Amino acid sequence: MYAPSFAAPTTVADAVQLLANASGVTRVLAGGTDLLVQLRSGILKPDLIVDTKRIPELRTITTEGGGYRIGASVSGAEAGEHAALSRDWPGVVEAVELIGSTQIQGRASFVGNLCNASPAADAVPALVAAGATVVIAGPNGEREIAVEQVPTGPGRTSLAKGEMVIAVKLPPKPVRTGDAYLRFIPRTEMDIAVVGAGVCVTLDGQGVCRAAKVSLGAVAPTVLVVSAAAAALVGSKLDDAALATLDAAAQAACNPISDKRGTIEYRTRVAGVLSRRAAAIAFKRAGA
Amino acid sequence: MAKHHISTTINGEPVEFLCNTEQTMLDVLRDELHLTGTKEGCATGDCGACSITVDGRLVCACLMLGVEAEGHAVETIEGMADGDKLHPLQQKFLEYAALQCGICTPGFLIASKALLEHNPDPTEEEARYWLAGNLCRCTGYDKIIRAVLDTAADMRGAS
């Protein structure tokens with residue numbers, strides 16, 4: 001009979017050792033909102049489940065050099081209740097709060113959303129646009145990489161055996177910077193993104209965009225960083241010409257699938273529209 | 001593998017139970033502790049029928065392992081009434097006939113109680129979004145929302 005082992009270590013070092021020394025399939029349990037569904041359906045039969053919620057540093061949001069360090073087991077609801085984080089990075093917080101219901105929010109985490117590696121993960125494009133990084137602990141110590149370097153395909157990540165993400169880091173927010181995330185679903189709540197668009201911009205004193213990052217979700221096997229779309233914003237005050245170039249660049253970057261939520265053509269078109277709308281919100285938040 | 005011995009608090013009472021790793025909190029509540037008020041709908045976190053609170057936080061019992069309950073405080077529908085005295089939400093659900101088959105009702109009540117603790121004066125829109133993770137296939141939701149908003153008004157008036 002299938003009987004997985006379970007451990008709830010209280011330090012990162014113990015968690016890494018358990019993961020590194022285990023034979024067979026291992027899974028990290030933070031909120032469990034994806035993992036338990038996979039267990040229930042039988043598509044995943046891990047030999048070892050490591051619950052990370054008893055590691056104190058993974059349960060907190062701390063400020064670090066003017067930025068934020070969000071522990072890997074912090075839930076969406078906890079992020080939403082963090083006033084300073086919500087004020088500085090509203091797009092990031094809105095994105096994680098779009099994931100599922102109130103019940104899901106009570107458990108689901110940024111890092112779980114990232115490491116589950118769904119192309120449609122809502123928190124991910126917002127984190128990418130904001131320039132977030134992740135701290136990874138493993139048998140050889142810690143390393144830090146950009147969020148977009150974690151997913152390598154649907155359900156796959158760049159993490160090596162024994163490694164786990166222990167935190168997401170958001171940089172200090174530059175002045176006159178605003179971020180936004182929008183997703184499109186066929187209803188108003190409780191569905192998976194057809195397209196998600198994250199935009200972060202920094203303006204100068206005249207309201208001209210000096211730096212930008214644009215990220216798209218659900219339109220390719222992994223989250224996209226669309227440099228051409230960001231370039232369309234830099235140097236502009238978000239006039240019609242910039243918006244048109246942004247829209248075209250976002251559409252050109254798409255490589256989606258057709259499924260019950262939308263066709264390739266539809267997703268591509270919506271990616272352009274959402275990029276424009278998210279850019280408008282980001283400019284406004286930056287003080288334009 | 002040997003079963004896990006878990007010590008937890010359920011509805012204010014210390015409770016100990018044994019469970020396997022793969023048993024969900026919903027499995028434990030229903031099959032081990034025979035607290036069958038918490039219902040299984042979808043078992044995938046979509047319907048909210050198994051709503052409980054853990055340390056005051058609303059969650060789906062189907063998306064939590066039983067072993068995770070160690071040292072935490074769990075509240076279920078069985079703890080909502082005070083003896084024979086119904087919670088104001090339970091009373092109002094009866095008055096409004098905000099239920100038909102009843103399978104979703106414990107989840108709606110637990111989720112609504114969590115809403116009013118979080119926000120004693122929700123707008124209709126806030127109540128509808130908060131309860132978006134609770135599905136009802138009978139009532140069409142309107143009576144449920146009215147019952148929740150009317151309870152909120154009563155409880156504000158009483159305090």
Side-chain angles (χ1 to χ4, degrees), chain A residues 1-8 10 26-54 59 73-81 97-109 112 116 185 187-192, chain B residues 1-4 6 19-27 40-72 107-108 110-115 117-119 122 125-135:
Chain A
M1 197 193 129
Y2 171 63
S5 300
F6 176 86
T10 55
T26 58
R27 278 294 182 277
V28 171
L29 169 62
T33 54
D34 288 310
L35 179 60
L36 264 78
V37 176
Q38 292 161 5
L39 287 177
R40 186 79 177 194
S41 68
I43 60 171
L44 183 72
K45 289 189 184 296
D47 299 284
L48 171 66
I49 296 170
V50 177
D51 181 359
T52 56
K53 289 190 295 299
R54 297 191 191 270
R59 296 301 306 269
S73 301
V74 169
S75 70
E78 289 166 336
E81 289 162 8
E97 289 191 315
L98 281 173
I99 301 168
S101 61
T102 316
Q103 286 87 339
I104 301 298
Q105 283 292 308
R107 300 255 301 171
S109 63
N116 187 55
I185 56 174
R187 51 209 293 256
T188 58
E189 184 74 335
M190 297 287 288
D191 207 345
I192 296 169
Chain B
M1 186 177 169
K3 290 194 175 197
H4 306 279
I6 304 301
C19 70
N20 295 316
T21 299
E22 68 275 21
Q23 278 184 291
T24 65
M25 193 64 207
L26 179 60
D27 296 334
E40 176 170 317
C42 65
T44 52
D46 294 299
C47 80
C50 66
S51 295
I52 60 172
T53 61
V54 179
D55 297 339
R57 187 74 74 180
L58 183 67
V59 303
C60 289
C62 74
L63 292 184
M64 172 182 172
L65 295 176
V67 287
E68 293 182 72
E70 173 67 36
H72 293 295
F108 264 103
I110 290 288
S112 301
K113 182 165 174 272
L115 166 64
E117 284 165 2
H118 175 84
N119 178 1
E125 186 176 12
E126 286 167 343
R128 286 184 184 272
Y129 269 98
W130 183 276
L131 296 172
N134 291 83
L135 303 185

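A quick note: this is a predicted structure, and the numbers were derived from the prediction, not measured. So you know, we letter chains A, B, ... as the sequences are listed, proteins then strands, and number each from 1.
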Okay, A:Gln38 and chain B: the region with an atom under 4.5 Å from a heavy atom over there is neither
Would you mind reporting whether A:Gln105 and B:Leu58 have side-chain heavy atoms less than 4.5 Å apart? no
With chain A, which of B:Val59, B:Val54, B:Ile52 has the greatest number of heavy-atom pairs at distances under 4.5 Å? B:Val59
Are B:Thr44 and A:Leu36 side-chain neighbours, meaning at least one heavy-atom pair lies under 4.5 Å? no
Which atoms of B:Asp55 come close to chain A, meaning under 4.5 Å heavy atom to heavy atom: side chain ones, backbone ones, both, or neither? neither
Would you say that B:Arg128 contacts A:Glu189 through its side chain, given a criterion of any heavy-atom pair below 4.5 Å between the two side chains? no
In Å and rounded to the nearest 0.5 Å, what is the CG to CG distance from B:Leu65 to A:Leu35? 7.5 Å
For the student: nearest non-hydrogen atoms of A:Gln103 and B:Ser51, plus distance: NE2-OG, 2.8 Å
Between A:Met190 and B:Asp46, what is the shortest heavy-atom contact and its length? CE-O, 3.8 Å
Can you tell me if B:His72 has over 12 outside heavy atoms packed within less than 6.0 Å of its NE2? yes
Is any side-chain heavy atom of B:Glu68 less than 4.5 Å from a side-chain heavy atom of A:Arg107? yes
Smallest separation among heavy atoms of A:Ser101 and B:Gly133, with atom names: CB-CA, 3.4 Å
Going from OH on A:Tyr2 to OG1 on B:Thr21, what distance comes out if it is rounded to the nearest 0.5 angstrom? 8.0 Å
Do A:Thr102 and B:Tyr129 have side chains that approach each other closer than 4.5 Å (heavy atoms only, starting at C-beta)? no
Taking all non-hydrogen atoms of both residues into account, name the closest pair between A:Pro4 and B:Glu22 and its distance. CD-OE1, 3.3 Å
Which atoms of A:Thr188 approach chain B - backbone, side chain, both or neither, heavy atom under 4.5 Å: both
